[in-house]
Amino acid sequence: MDWQALTLSVKLALVTLLILLPLATLAARWLAFSRFRGRSMVEALMLVPLVLPPTVVGYYLLVGFGNQSLLGSWLKDWFGLELVFHFSGLVLASVLVNIPFALQPLQRAFEAIPKEVRDAAACCGMPALKIFWRIELPMIVPGLLTALVLCFSHVLGEFGVVLMMGGNIAGETKTVSIAIYDNVQAFNFDAAGIMSLLLLLFAIAALAITTSLSRRLGGQDGDHR
């Protein structure tokens, strides 16, 4: 077991969730409650990583943020920030690739909130921010849990975009999926099998827990109605 790679993968997943979930929650609420021209195009752009091969996303990030690019050289000269072949680049790539996995369940959860509930709260004089914290946020918990588990599991298993953007640097960009690939290339199938089994068991456990919690919370909501 490559514990260093596993630790780096967990760290990458946690940092990605910390950045992605708040942004995705705001974007999902905006898309769920707003009606404007070009909404379908905005949704399509946010869902592109869902159908685009991760290696293609990684390629564009590599070209766009490389030291030879305008943006990459500007970030390096002004902020001393290098993204390609660094952990920070993996975070950026993971956030972009996982937007659909966070956005879709959250948007569906916001859309499921009855309009009458939000209208009643507004009629009672409750400000928009309080409506969000006291009413909307508790009601989207199942969607939030689904987004959390999907994104965490997906980050743990990311390969193409990680390899393109981060390469294979131990302790910096070598995640558990890269470690599995390395072991297969070296015909060390026992180590690759253990790491693959660990990811498989985690995915099954995470989905089972999320399904159970979502069903329980959904049942509570239904009882309250």
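Treat the numbers as computed from the prediction; the structure is a model and nothing was measured.
The only member of L198, L199, L12 that meets side chain to side chain contact (heavy atoms under 4.5 Å, CB included) when paired with L156 is L199.
The two residues A32 and F110 come nearest to each other via the heavy atoms CB-CB, 3.5 Å.
In this structure, the separation between CG on D190 and CE on M195 is 10.5 Å, given to the nearest 0.5 Å. Here the CG-CG distance, from N168 to D182, works out to 4.5 Å after rounding to the nearest 0.5 Å. Atom OG1 of residue T16 and atom CG of residue L92 lie 9.5 Å apart, to the nearest 0.5 angstrom. Interatomic distance, CD of Q4 versus OG of S9, reported as 10.5 Å (0.5 Å rounding). Distance check, rounded to the nearest 0.5 Å: CG of L8 to NZ of K174 gives 10.5 Å.
Counting heavy atoms from C-beta outward, L150 and T146 have side chains that approach closer than 4.5 Å. Under the 4.5 Å side-chain criterion, counting only non-hydrogen atoms from C-beta, I140 is not in contact with R29. M165 has its side chain within reach of L83: a pair of non-hydrogen atoms, C-beta onward, lies under 4.5 Å apart. I113 places a side-chain heavy atom less than 4.5 Å from the side chain of E136. Residues L81 and F65 fail the side-chain proximity criterion, which asks for heavy atoms closer than 4.5 Å. Residues W30 and V42 have side chains in contact (heavy-atom distance under 4.5 Å, counting atoms from C-beta outward).
Applying the ring-ring contact (aromatic ring centres under 6.0 Å, His included) criterion to F79, with sequence neighbours excluded, gives W74. Checked against side chain to side chain contact (heavy atoms under 4.5 Å, CB included), L26 has no partners two or more places apart in sequence or in another chain.
The number of heavy-atom neighbours closer than 6.0 Å to CZ of R134, taken from other residues, nucleotides and ligands shown, is 12 or below. The number of heavy atoms from other shown groups lying within 6.0 Å of OH (Y59) does not exceed 12. Heavy-atom neighbours of F85 CZ from other residues, nucleotides or ligands within 6.0 Å: above the threshold of 12. Around the CG atom of L197, the shell of radius 6.0 Å holds more than 12 heavy atoms that belong to other residues, nucleotides or ligands. For R37, the CZ atom counts as loosely surrounded, since its 6.0 Å shell holds 12 or fewer non-hydrogen atoms of other residues, nucleotides or ligands.
No side-chain N or O of E158 forms a donor-acceptor pair with one of T175 less than 3.5 Å apart.
L148 and L23 are not part of a single hydrophobic cluster, where members link through side-chain heavy atoms under 4.5 Å apart.
The ring pair (Phe, Tyr, Trp, His ring centres under 6.0 Å) analysis of residues 168-191, with sequence neighbours excluded, yields the pairs F159-Y181.
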